[in-house]
Structures are given as C-alpha cells and as structure tokens.
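When a ligand or atom number is given, it counts from 1 through the structure's own listing order. Residues take their numbers from the sequence shown, with the count starting at 1. All values below come from the heavy atoms of this structure, side chains included, with hydrogens, waters and symmetry mates left out.
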Amino acid sequence: MSVRTRADLASLPSYVPGRTIPGAIKLASNEVSAGPLPSVVKAIAEAATAVNRYPDNGCTELTGRIADKLGVPVDHVALGCGSVTLCQQLVQATCTENDEVLFAWRSFEAYPIVTHVSGAKQIRVPLTDEHVHDLDAMAAAITPNTRMVFVCNPNNPTGTALRTEEIEAFIAKVPRDVLVVLDEAYKEFVDDAHVPDGVELAKQQWAAGHDNVAVLRTFSKAYGLAGLRVGYAVAQPAVADALRKVYVPFSVNAIAQVAAMASLDAEDELMARCRAIVAERTRVRGELLAMGFDVPETQANFVWLPLGERTAAFNEHCLAHKVIVRAFVGEGARVTIGEPEENEAFLAAARSFTS
Ligand SMILES: *Cc1c(COP(=O)(O)O)cnc(C)c1O
C-alpha cells in the first residue's frame, strides 16, 4: 500500500469481539440473551420511518430522561455511541502525547486501544491474586503525567467488585486534577449492598469538592441494546462539556435514542430480567465451584474461570460442545450468564472438561 499511515498503528492491539458461530450458543460478549421487548421493537420500527433526517445531535430528550432518573442536572449527562466511545472521548479530552492513563489489568480490553489511539501512555496495574483491582498499587502508580484512571466496577472480565469505602479511600488519594472514571457497564447486575451506585458516590464526592469523578453507564448490557450503541457519562459540567467537544457529530443515531427511551419506559420489566440473570449467576457459579473450578465472586452477568494455561483447551472443549466462551489465552475464560438452557449447555461442557 502506498498510503502512509501512522508508524505506531502496527503496534495497536485489535479489539477482539466475541465469536459468533451459527448453531452455537454464544456466551462470549456479555449480551442479554433475550431479544428486545415488543414495546422497544415497536418504538424502533416507528423511528425507522424518519431516518431520512439527522438525529438530534444533542440527544436532548434522552439526556433529560437520564438526568431525571438519576437526579442530576442535564448538564451533568453526556451521551455517546456506546460507552466504549465515551472511554475514547474521555481519553481524547484529557490526554495528549506523554500523558498517562492508568487502569487495572486485566480489565476491559478497550482501555489499551482507546489510550493508544489517542497517543497517550497506558499504565497497567495488575489485579490482586483475588482478581480484584489493587487500588493501593494504583494510587501509588499515579505520576505527575497521569490524567485519567479507569476503575471498572464490576470488573470485566473477572466480575469482581470494589466496595464503597475502598473506592472512597482511593479517590481521597487521587490528585483532584486527575479524572477518576467509574465504568459501570454491569451496574444493574450488582446485588451486593456494599458495592456502590457510582452516581450516588459521585454526587457525594462532588459535594465534597472532588469534581474529578465521572461515571459511565450503557444501554448495551442490562437494557439489551448492544446492537444500537448508546451509553452515557455522568460527570461535572466541565467534564461533560469536554466530552461534547470531542463527540463525533450525530454518532448516537436516531433509532438508538428512541430505543433507549423506550427501554427506560420498560425499566421494570428489564430489571426483572436482570434479577433472573443474577439468580442464574448464583446457580452457575455454585455448580462450577462444586465441580472444582476456581470462580471469583461475581457481581456482573458473567463468571470468570482463571484457568491459566488450561484456558485454550477449555475454550476448544466448550466449542466442541457448541458453546462459545471468551477465552483470554494463558489467563482465563469469561462466560456470560445466558438463559437457563444455555447455562445448562455450558455447565454440561464444563463438567466433562478433564484436562
Ligand atoms: C461492554 C462494556 C462497555 C461498553 O459497552 P458499549 O456497548 O460500548 O456501551 C464498557 N465498559 C465495559 C467494562 C464493558 O464491559
């Protein structure tokens, strides 16, 4: 090719999406297995008739709905084309070359990519032996160049969650010009009262003068709209404004905006689904533990099996049983909690794994 691309592009890791194989059960992408609610499909179909028009660039109505629901002013909410895009916008808004973005590892695999694309430097702090964020080590890793810290709670792919007092103690150690981002993509699956609602925690931090706390949420997981790409940030107005500055115009499309509002209308029904997934999570983890697998306690819609060198074999074994899991070779496998019969198929595969 004669086109000259960035010299560092080759070193950029590619995002690896969960695999889709016809006829196989997909437990690889933390999606909700149940399809969209009829009321949401109806809203999507109606919105389809107006797609000759550009979407509302400010997502005004949806922003208002989210602000109302969370009890924050509208200038504290910024929408994005999926919260992964908001991750990228946050890095773009806070970092230039040589600035540092800090995060735990292993965590959400988009963090290294969005950091690298922006030309910033990534600082990875290993999880503890219990697969939890090592907040003491993270605080110690902050330098004068640190601009942002991602705290994924619950953590993808381990499912482990931090408690309120742990996060508060961490924020107390972070300089106030460093943005702390609580990525709460799986918040709706949390059932441990010690794990904070990040938005409530952020409100308290703001009231205490810590403006440097922001929260990311998404409609992709609990709300079942992964295919439509819509997420949001809740932050102080200056941070939300910064996000809007680097927003790719019209990137939250019109159908996504309408579907998100229809999903807020159907929140009770969707949250009932989440509770069923949480019950299945408890059952699946219990069965895996009984089979002798190590499975950290999880607050998300997936379980983590730290299989180390056995991960690749486990992945192949599950595929042979027509179950797709998400393998991080050499580390472990992440398995999404699906419908009961899907989970049964996975458990049957796990039960016959011997190597
Ligand atoms: C799935 C996920 C997201 C992003 O979801 P979007 O579909 O981009 O909204 C963000 N953070 C974490 C940790 C995730 O697992």
Side-chain angles (χ1 to χ4, degrees), residues 15-18 26-33 36 59 62 66 77-92 101-115 117 122 124 127 131-133 148-162 167 180-190 195 198-199 214-235 243 247-248 251-253 255-257 259-260 263-264 270 274 277 281 298-304 325-326 328 332-338:
Y15 186 85
V16 183
K26 187 183 179 195
L27 301 176
S29 295
N30 299 340
E31 300 147 335
V32 168
S33 287
C59 305
L62 178 56
I66 292 168
V77 177
L79 270 290
C81 177
S83 58
V84 67
T85 307
L86 286 161
C87 291
Q88 178 155 341
Q89 287 170 257
L90 283 165
V91 179
Q92 287 172 329
V101 178
L102 182 69
F103 47 83
W105 200 251
R106 183 167 278 277
S107 189
F108 186 34
E109 65 172 319
Y111 299 155
I113 300 174
V114 300
T115 302
V117 168
Q122 45 178 299
R124 300 177 179 190
L127 298 171
H131 316 285
V132 182
H133 278 63
M148 214 182 103
V149 187
F150 282 115
V151 176
C152 189
N153 202 43
N155 187 46
N156 176 5
T158 58
T160 50
L162 294 161
I167 297 177
V180 177
V181 179
L182 303 175
D183 184 344
E184 294 194 329
Y186 302 98
K187 198 241 159 240
E188 294 82 0
F189 301 102
V190 170
V195 177
V199 172
V215 181
L216 292 180
R217 300 248 176 106
T218 177
F219 285 93
S220 294
K221 309 284 164 51
Y223 291 84
L225 297 181
L228 282 178
R229 317 302 308 127
V230 54
Y232 57 93
V234 188
L243 281 170
Y247 178 71
V248 173
S251 53
V252 179
N253 72 71
I255 293 181
Q257 292 183 37
S263 301
L264 290 174
L270 292 168
C274 291
I277 291 168
R281 169 179 84 196
T298 169
Q299 286 287 302
N301 66 336
F302 51 83
V303 288
W304 173 247
V325 304
R326 181 74 167 86
F328 298 93
R334 188 192 69 198
V335 188
T336 306
I337 303 297

Asker: Could you tell me whether Cys152 approaches ligand 1 through its side chain, its backbone, both or neither, with non-hydrogen atoms closer than 4.0 Å?
Answerer: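 Only the side chain of Cys152 comes within reach of ligand 1.
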
Asker: Rounded to the nearest 0.5 Å, how far does CG of Leu225 lie from CD1 of Ile255?
Answerer: 11.5 Å

Asker: So how far is it from Gln122 CD to Leu102 CG, rounded to the nearest 0.5 Å?
Answerer: 11.0 Å

Asker: Give a yes/no verdict on whether any heavy atom in Ala226 is under 4.0 Å from an atom of ligand 1.
Answerer: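 No, Ala226 has no heavy atoms under 4.0 Å from ligand 1.
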
Asker: How far is atom 8 (O) of ligand 1 from its nearest protein heavy atom, and which residue and atom is that?
Answerer: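 Going by distance alone, atom 8 (O) of ligand 1 is nearest to Arg229 NH2, 2.7 Å.
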
Asker: What's the spacing between Asp183 CG and Leu216 CG if we round to 0.5 Å?
Answerer: 5.0 Å

Asker: Tell me whether Gly231 reaches ligand 1 (any heavy atom closer than 4.0 angstrom to a ligand atom).
Answerer: no

Asker: How does Val84 reach ligand 1, if at all, at less than 4.0 Å between non-hydrogen atoms: by side chain, backbone, both, or neither?
Answerer: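 The answer is both, backbone and side chain.
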
Asker: Considering only heavy atoms from C-beta outward, does the side chain of Arg334 approach that of Asn156 to under 4.5 Å?
Answerer: yes

Asker: Consider ligand 1: state whether an atom of it lies below 4.0 angstrom from any non-hydrogen atom of Asn30.
Answerer: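 False for this residue.
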
Asker: Is the ring centre of Phe302 less than 6.0 Å from the ring centre of Tyr186?
Answerer: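 Yes.
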
Asker: At what distance is the nearest protein heavy atom to atom 11 (N) of ligand 1, and which residue and atom is it?
Answerer: Asp183 OD2, 2.7 Å

Asker: Find the distance between CG (Leu79) and CZ (Phe219) and round it off to the nearest 0.5 Å.
Answerer: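 Between atom CG of Leu79 and atom CZ of Phe219 there are 7.5 Å.
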
Asker: Please report whether ligand 1 has a polar contact with Thr85, defined as an N or O pair separated by less than 3.5 Å (distance criterion only).
Answerer: no

Asker: Using a strict cut-off of 4.0 Å, indicate which atoms of ligand 1 neighbour a heavy atom of Tyr186.
Answerer: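 The atoms of ligand 1 under 4.0 Å from a heavy atom of Tyr186 are 1 (C), 14 (C), 15 (O).
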
Asker: Going by the atom numbers of ligand 1, which of them fall below 4.0 Å from some non-hydrogen atom of Ala185?
Answerer: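 Atoms satisfying the 4.0 Å criterion: 2 (C), 3 (C), 10 (C), 11 (N), 12 (C), 14 (C).
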
Asker: Give me the residue, atom name and distance of the protein heavy atom closest to atom 4 (C) of ligand 1.
Answerer: Ser83 OG, 3.1 Å

Asker: Below 4.0 Å from ligand 1: does a non-hydrogen atom of Phe219 turn up there or not?
Answerer: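 Per 4.0 Å heavy-atom rule, Phe219 does not contact ligand 1.
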
Asker: Let me confirm one number: the CG-CD distance from Leu243 to Gln92, rounded to the nearest 0.5 Å.
Answerer: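 Rounded to the nearest 0.5 Å, the CG-CD separation comes out at 10.0 Å.
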
